[in-house]
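The next block holds one structure in the form of structure tokens; read it before the comments.
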There are 2 protein chains.
Amino acid sequence: MTTINDIAKMANVSRTTVSRVLNNNGYVSESARERVMKVVEATGYIPSVSAKSLRTKRSGVIGVILPKISTETASRVVGGINEVVAKEGFQILLTDTELNHEKEIEYIRLLHSRHVDGIILLATNVNDRLLNTIEDANLPFISLGQELPGVTSIVYDDYHASRDMTHMIIKKGHKKIAYIGVGEDDPAVGVLRKQGFIETIQEAGLEVEESWIRYGDFSIESGYESMKQIVEASPGNLPTAVFVVTDRMAVGAMEYLKEQGLRIPQDIAITGIGASVMSKYVSPSLTTIDYFNKEAGTMAAELLLEQLQDKNTKKKFLQNYRLIERDSV
Amino acid sequence: MTTINDIAKMANVSRTTVSRVLNNNGYVSESARERVMKVVEATGYIPSVSAKSLRTKRSGVIGVILPKISTETASRVVGGINEVVAKEGFQILLTDTELNHEKEIEYIRLLHSRHVDGIILLATNVNDRLLNTIEDANLPFISLGQELPGVTSIVYDDYHASRDMTHMIIKKGHKKIAYIGVGEDDPAVGVLRKQGFIETIQEAGLEVEESWIRYGDFSIESGYESMKQIVEASPGNLPTAVFVVTDRMAVGAMEYLKEQGLRIPQDIAITGIGASVMSKYVSPSLTTIDYFNKEAGTMAAELLLEQLQDKNTKKKFLQNYRLIERDSV
DNA sequence: CTGAAAGCGCTTACAG
DNA sequence: CTGAAAGCGCTTACAG
């Protein structure tokens, strides 16, 4: 491999000078610059990032921690992140916790040891060890999707999104509304969305049957199963609408209803959250909420870049959303 | 940051010894090992990857070059790759060419400079500059989805998959079959899939109207547009089936047909390729081909790991596929 | 405007 | 079984 020393020799300058022209800092005479550039181009020389990083403590790499890599939300977010960091010459180092909370902590430390310049975490839960690890790493850090005390967080407005959706369902005349959610160790999806739903229901003077509340695990199959349980638990007293906290589970629920010959929305209405591509093309098309995941990714990246410049903006940012009314309600 | 020197001092050994216990090589007395481990744990010491990489020329990072990050295929493949490399302690450095051929080359060089231990490229085209760049990099290298001469390639069996699908359409009694493809600078999707289609058609003694052949750009919208053009170009003489080379474009085509009040499959049958999640939940459910993307990713990673061990296996691997018959034909 | 030298944090022959 | 020393390829005060 050709190194800075080779370039220096070939261009007849010191490696200090080579470094200066490559990084565009300090004084360099025009003739020296030209000689160096010529050699650099001729050899196709690329500086060693390890050496540079060892010396400068910066790597040009952003660590991204995902709960699950092959997910529509994740890939949208990563797309958004990549769009802005790539422009600034950063790369993304990707890790996947597979929804294992322990791995979130492990990966933060790992990314730290790799000298990443910053980390974006798509958190799924909040706990003290996680918070401590983040603090120890002492790195520019963004949490996306969950509010983490003391760290810059971009969160979706789960509470109000759920309220709006529930409101809309009620306005359509539904009084018997079921709920398919996820576990409450996930503050955003599990707690906030449920809270928005329940409170809106109660404010409308309605009630939710215990047997109409089920929990899945984000998968399509779990939506199918939850729907099945709700239907089987309430013969002769079916809900007329189901509020589902994710599109994927909603699609699973729809699948079960269709199998049972129940018409959507005439017999049972369904809503999702997430605005997955699929939500638009299932039939009936699914009423859902767009969280603008890509934009959230863009924003996360921009905030991280700001933190890299020392502009300290430790705040909570609430992401916009948009209710998309389609044919499933 | 605590370094190997700190650990050495605290454990009362040389840093040579610390290195030995950390990397588990060379002789170390039990007592020395214990002292070192105790200090390492107490301090939470993590070795600097840059320093290590500078010294050893290995980084523990695998570079992955994607044509588009936020795509179902890509995320499945990456999921597969990650599953195997993570187990071996490798990380993934992700780059996205946004379908820009120039960037494929640029990223190979960039990843090289970052001392990645190997590269997996989801290629979209083949050209000499690309091939040269790969050769120059002189790194363990896997091409996924396109056959690249001289480099280990995992390819989908586009030709036979197309043949099988076309065959199936013909067997259902269709004689007037349209085609929606992509540009032929993509040898796998653009050329091979088309070839499999055309040849099977001709062997069956059928013909394809010029106006029934259209090209999209992988997007749902382009499938919609292509379908529209086909329908509008052939009033009174519509095809009875459409072979579409990707699920997304097929979904777009279905959307247009439904809007026009054409029934699928009674009026026009549709097929896709890719087995996207969506294909199962659109209505009617889409007949398609599963390419086992995740397994392809797994395999790519395994082959790369083998190459890292110097087991030289420069070969072409043909990936399996499976025709999924559903309701759109 | 330019270069010699120190140093970033590791690993690895080499010598004992 | 252990350590001193060289060196990986850079950048950055410092001195001129």
Side-chain angles (χ1 to χ4, degrees), chain A residues 1-37 39-40 43-61 89 109-117 137 139, chain B residues 1-37 39-40 43-61 89 109-117 137 139:
Chain A
M1 232 182 65
T2 82
T3 75
I4 196 171
N5 281 310
D6 303 330
I7 304 296
K9 241 171 258 163
M10 295 171 72
N12 231 299
V13 293
S14 73
R15 60 178 188 262
T16 306
T17 300
V18 175
S19 174
R20 281 203 263 262
V21 352
L22 256 25
N23 294 296
N24 235 318
N25 71 30
Y27 297 97
V28 181
S29 69
E30 200 43 47
S31 83
R33 173 182 314 277
E34 269 169 23
R35 287 206 309 283
V36 170
M37 287 314 290
V39 176
V40 165
T43 55
Y45 165 71
I46 309 178
S48 155
V49 177
S50 319
K52 191 163 180 164
S53 157
L54 173 60
R55 187 53 228 249
T56 61
K57 306 294 171 208
R58 316 177 92 262
S59 62
V61 173
R109 303 187 69 222
L110 187 80
L111 290 171
H112 185 39
S113 78
R114 286 201 177 278
H115 293 307
V116 298
D117 294 335
L139 233 44
Chain B
M1 232 182 61
T2 84
T3 75
I4 197 172
N5 281 309
D6 303 329
I7 305 296
K9 241 171 256 161
M10 295 171 72
N12 231 300
V13 293
S14 73
R15 59 178 190 262
T16 307
T17 300
V18 176
S19 174
R20 282 204 263 263
V21 353
L22 257 25
N23 295 296
N24 235 317
N25 69 29
Y27 298 98
V28 181
S29 70
E30 200 43 47
S31 83
R33 174 182 312 277
E34 269 169 25
R35 287 206 309 283
V36 170
M37 288 312 290
V39 176
V40 166
T43 55
Y45 165 69
I46 308 178
S48 156
V49 177
S50 319
K52 192 165 180 162
S53 157
L54 174 59
R55 188 51 227 251
T56 61
K57 305 294 170 207
R58 317 177 92 262
S59 62
V61 173
R109 303 187 70 222
L110 187 80
L111 290 171
H112 185 40
S113 78
R114 287 201 177 278
H115 293 306
V116 299
D117 294 336
L139 234 44

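Chain A is the first sequence line, chain B the second, and so forth, proteins listed ahead of strands; every chain is numbered from 1. Remember, it's a predicted structure, so these values are computed and weren't measured experimentally.
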Check residues 17-31 of chain A and write down every donor-acceptor pair under 3.5 Å in which the side-chain atom is one partner and the other belongs to a residue at least two apart or another chain.
from: A:Thr17; atom 1: OG1; to: A:Ser14; atom 2: OG; distance (Å): 3.4
from: A:Ser19; atom 1: OG; to: A:Asn23; atom 2: ND2; distance (Å): 3.4
from: A:Asn23; atom 1: OD1; to: A:Lys52; atom 2: NZ; distance (Å): 3.2
from: A:Asn23; atom 1: ND2; to: A:Ser19; atom 2: O; distance (Å): 2.9
from: A:Ser29; atom 1: OG; to: A:Ala32; atom 2: N; distance (Å): 3.2

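- Considering only side-chain N and O atoms, B:Thr17 lies under 4.0 angstrom from the phosphate OP1 or OP2 of D:dG3.
- Contacts of A:Val49 with the nucleic acid, taken as non-hydrogen atoms under 4.0 Å apart, are absent.
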Based on Watson-Crick and G-U pairs with both distances under 3.5 Å, what dot-bracket line describes DNA chain C 5' to 3', crossing pairs as [ ] and inter-strand pairs as |?
|||.||||||||.|||
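- By the side chain to side chain donor-acceptor pair (under 3.5 Å) test, B:Ser48 pairs with A:His115, sequence neighbours left out.
- No side-chain donor-acceptor contact under 3.5 Å links B:Arg35 to the backbone of B:Val13.
- The NE2 atom of B:His115 sits 18 Å away from the P atom of C:dG9 (whole-angstrom rounding).
- Remark: A:Arg15 engages A:Asn5 in a side chain to side chain donor-acceptor pair (under 3.5 Å) (not counting sequence neighbours).
- Applying the side chain to side chain donor-acceptor pair (under 3.5 Å) test to A:Arg55 and every residue at least two apart in sequence or in another chain returns nothing.
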Applying side-chain hydrogen bond (donor to acceptor under 3.5 Å, both in side chains) to B:Ser50 and A:Ser53, what does each step give before you reach the verdict?
CA-CA 6 Å; B:Ser50 319; A:Ser53 157; 2.8 Å; yes
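- Nucleotides D:dT12 and D:dG16 are separated by 16 Å at their C1' atoms, to the nearest Å.
- Under the 4.5 Å side-chain criterion, counting only non-hydrogen atoms from C-beta, A:Ile7 is in contact with A:Val40.
- Under the 4.5 Å side-chain criterion, counting only non-hydrogen atoms from C-beta, B:Thr3 is in contact with B:Asp6.
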When you check every protein heavy atom under 4.0 Å of nucleotides 10-16 of chain C, what one-letter string (B, S, -) results, 5' to 3'?
BBB----
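- Contact check, A:Ser29 against C:dC1: no side-chain N or O comes under 4.0 Å of OP1 or OP2.
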